[in-house]
Structure formats: C-alpha cells, structure tokens
Number of protein chains: 2
Amino acid sequence: MAKTNPPFMSGVPELLLLRLLESREMYGYELVRSIREVTGEAISLGEGVIYPVLHSLERSGSLKARRKPVGGRTRVYYSLTKQGHGRLADLQEDWRRIQTGIETALESPGHA
Amino acid sequence: MAKTNPPFMSGVPELLLLRLLESREMYGYELVRSIREVTGEAISLGEGVIYPVLHSLERSGSLKARRKPVGGRTRVYYSLTKQGHGRLADLQEDWRRIQTGIETALESPGHA
DNA sequence: CGAATATACCTTGAACTAATAGGTATAACA
DNA sequence: TGTTATACCTATTAGTTCAAGGTATATTCG
C-alpha cells in the first residue's frame with residue numbers, strides 16, 4: 001500500500017533533457033544525439049528512454065510541444081514551461097545533493 | 001536472449017560499500033548507519049539493499065566474510081579481497097566518468 | 001531505378017535495481 | 001516486563017532503464 005519512493009538516483013535522464021531544452025527548443029531525435037555529445041559520450045540514452053520521458057514531462061506540464069513539418073517529416077519540438085524551469089531547479093538541487101554526498105564518501109579519510 | 005546492460009547509473013551502493021570497507025572491516029548493520037553518516041545524510045540505504053549487495057559481493061569474490069560473536073549476537077565482518085580492490089577502482093572510474101559527463105552537461109553554455 | 005541508410009516518430013516486453021515490508025533472535029533499558 | 005536497539009536475513013513490489021521492434025519519408029549511391 002505505502003507507495004515506494006523512486007530509486008535514489010533516478011531522474012537523471014529527466015534532468016539532462018530539461019537542461020538541454022533550457023537553452024533552446026529541440027526535438028526528440030535531436031536530443032538523443034545531443035545527450036551523447038554533451039556528456040562527452042559518457043551517457044547514451046536510446047529513443048526508448050527519451051520519448052517516454054518527453055511524453056511524461058509534457059503530460060505533467062513541464063514541457064510544451066510544437067509540431068513542425070520539415071520536408072516530408074514532422075518534428076516535435078519541445079520547450080520548457082514555467083513549471084519546467086521549477087522542475088529543473090529541483091532536480092538540479094537533488095543531483096547536487098547526492099553528488100556531493102558520494103564525493104564526500106569517496107574522499108573521506110582512509111585512502112591508504 | 002541478448003542480456004541487457006545494467007542501467008547506466010547503477011552500482012553506487014556497491015561503490016559506497018567497497019569504499020567504506022577499504023579503510024577497515026565492518027559489519028552490515030554498521031554499514032547501514034555509516035553510509036548515512038558519511039554521505040551527510042544525502043543517501044540512506046536500508047538493510048534490504050545492503051545485505052543482498054554484501055552477499056553478492058562475497059559470492060563474486062570481492063569481499064570475504066568473518067563471523068565474530070560479540071556478546072550473545074554474531075556479527076559478520078566484511079573486508080576487501082584483492083579482487084575487491086580492483087572492483088572498487090573500476091566502479092570509481094565509472095562513477096567519475098558519468099559524474100563528469102553530467103557536470104559537463106549542466107555547465108555547458110546556455111545558462112541564461 | 002532500386003536498395004540501403006539516415007531521419008523521425010513511437011510502443012512493448014524484458015531485465016535490473018532499489019524500496020518496502022516483513023521475519024527471526026538477543027541485549028539493553030526503563 | 002515490555003519496549004527499544006542491535007544484528008542478521010529474505011521476499012514482494014515498484015520503478016526505471018534497456019533492447020528490440022514497428023511505421024514512414026528522405027536521401028544517397030551504385
């Protein structure tokens with residue numbers, strides 16, 4: 001019954017997407033490649049991760065979508081809503097917190 | 001059939017345990033509290049997470065266990081094997097890599 | 001022209017990790 | 001004596017991510 005908390009280190013895909021969309025609007029396929037690039041190949045998230053997260057962020061009101069025909073295809077451009085900016089700030093703080101926690105643990109005394 | 005890769009940000013509980021056990025041998029119940037402390041309360045992993053990971057690390061040869069009766073109870077002390085030191089180094093490098101990747105993404109141009 | 005590759009969207013099902021909740025037993029404390 | 005703290009453990013559930021596919025148009029190349 002008691003609903004479980006999300007895993008303590010989730011929300012990174014969400015964070016990365018929101019961060020990228022903060023600078024400019026982008027479409028899904030573009031974001032997939034962009035995440036690889038901007039993380040220096042350290043993180044590679046497939047379309048199967050990106051699209052569902054985008055949809056969920058749109059449903060929850062953090063993103064708004066704009067369909068734009070290009071050539072014969074249709075791109076769906078996403079951009080941050082006001083709520084999305086808030087969500088980004090929250091996630092960024094969460095990340096900072098756990099990142100610092102781990103860093104502290106790794107650097108703590110005892111490195112023989 | 002193709003076995004899936006582990007999620008890109010897993011292995012942090014493992015990393016923290018190995019790091020703590022690098023300095024001195026500790027027992028499970030102690031590790032649970034220790035992780036909270038050493039991460040400045042940022043990360044809190046319950047016994048249901050810690051014990052299974054300890055067992056799996058022992059089975060895979062990264063940890064060795066030593067049962068030690070204290071008072072009327074029995075504590076199981078864990079310490080790193082040679083292989084465990086290698087595993088720790090690997091995980092530490094993995095972490096550094098993704099941590100840097102995310103940092104790069106967050107700091108990348110466009111912070112209005 | 002035809003075939004292969006790249007773009008661009010999407011969903012489903014399996015796999016994996018972590019969270020919650022329980023379950024046993026002794027010691028200490030009130 | 002009963003409640004809290006120590007100390008171990010496991011099973012179930014939940015949540016996230018991964019792999020793999022499925023549709024369709026555009027481009028490139030032989």
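Since the structure is predicted, the reported quantities are computational estimates derived from the model, not experimental observations.
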Problem set entry | Listed nucleotide nearest any side-chain atom of A:H55, set C:dT11, D:dA7, C:dA8 | C:dT11
For this session: Answer with base, sugar-phosphate or nothing: what part of the nucleic acid does B:V76 contact at a heavy-atom distance below 4.0 Å?
Result: sugar-phosphate
For this session: Select base, sugar-phosphate, or nothing to describe what B:G48 touches, counting heavy atoms under 4.0 Å on all strands.
Result: base
Problem set entry | Atom-to-atom span, NZ of A:K68 to P of D:dT25 - whole angstrom | 21 Å
For this session: Take atom CD1 of A:I50 and atom C1' of D:dA19, then tell me their distance rounded to the nearest Å.
Result: 15 Å
Exercise. Counting just side-chain N and O atoms, does A:Y29 come under 4.0 Å of either OP1 or OP2 of C:dT7?
Worked result: yes
Problem set entry | Residue mapping more 5' on DNA chain C - nearest nucleotide basis, B:S10 or A:T74 | A:T74
Problem set entry | Options D:dC18, D:dA26, C:dA27, nucleotide nearest the side-chain atoms of B:R73 | C:dA27
Problem set entry | Value in whole Å for how far the P atom of D:dT6 lies from OH of B:Y27 | 8 Å
For this session: Starting at atom CD1 of A:I98, determine the distance to atom P of C:dA18, rounded to an integer number of angstrom.
Result: 12 Å
Exercise. At under 4.0 Å, does any side-chain N or O of A:Y51 touch on OP1 or OP2 of C:dC10?
Worked result: no
For this session: Could you tell me whether the side chain of B:Y78 reaches within less than 4.5 Å of the side chain of B:L17, counting heavy atoms only?
Result: no
Exercise. Can you tell me how far P of D:dC8 sits from CD of B:E58, to the nearest Å?
Worked result: 13 Å
Problem set entry | Minimum-distance pair of heavy atoms, taken over all atoms of B:A105 and A:T39 | CB-CG2, 4.2 Å
Problem set entry | Atom-to-atom span, CD of A:E47 to C1' of D:dG21 - whole angstrom | 11 Å
Exercise. Would you call A:E25-A:K68 a salt bridge at under 4.0 Å N-O?
Worked result: no
For this session: Report the nucleotide, chosen from D:dA19, D:dT10, C:dC16, that has the shortest atom-to-atom distance to any side-chain atom of B:P7.
Result: C:dC16
Exercise. Is a salt bridge present between B:R19 and B:E22, judged by a nitrogen-to-oxygen distance below 4.0 Å?
Worked result: yes
Exercise. Out of C:dA19, C:dC16, D:dC9, which nucleotide sits closest to the side chain of B:L45?
Worked result: C:dA19
Problem set entry | B:R33 vs A:V49, nearer the 5' end of DNA chain D by closest nucleotide | B:R33
For this session: Give B:R75 one of three labels, base, sugar-phosphate or nothing, depending on what nucleic acid heavy atoms sit under 4.0 Å from its own.
Result: sugar-phosphate
For this session: Would you kindly give the CD-to-P distance between A:E30 and C:dC10, to the nearest whole Å?
Result: 14 Å
For this session: Considering just the side-chain nitrogens and oxygens of A:T4, establish if one lies under 4.0 Å of OP1 or OP2 belonging to D:dG15.
Result: yes
Exercise. Could you give the CG-to-P distance, from A:N5 to D:dT16, as a whole number of Å?
Worked result: 11 Å
Exercise. Quick one: do B:E30 and B:R75 make a salt bridge, cutoff under 4.0 Å?
Worked result: no
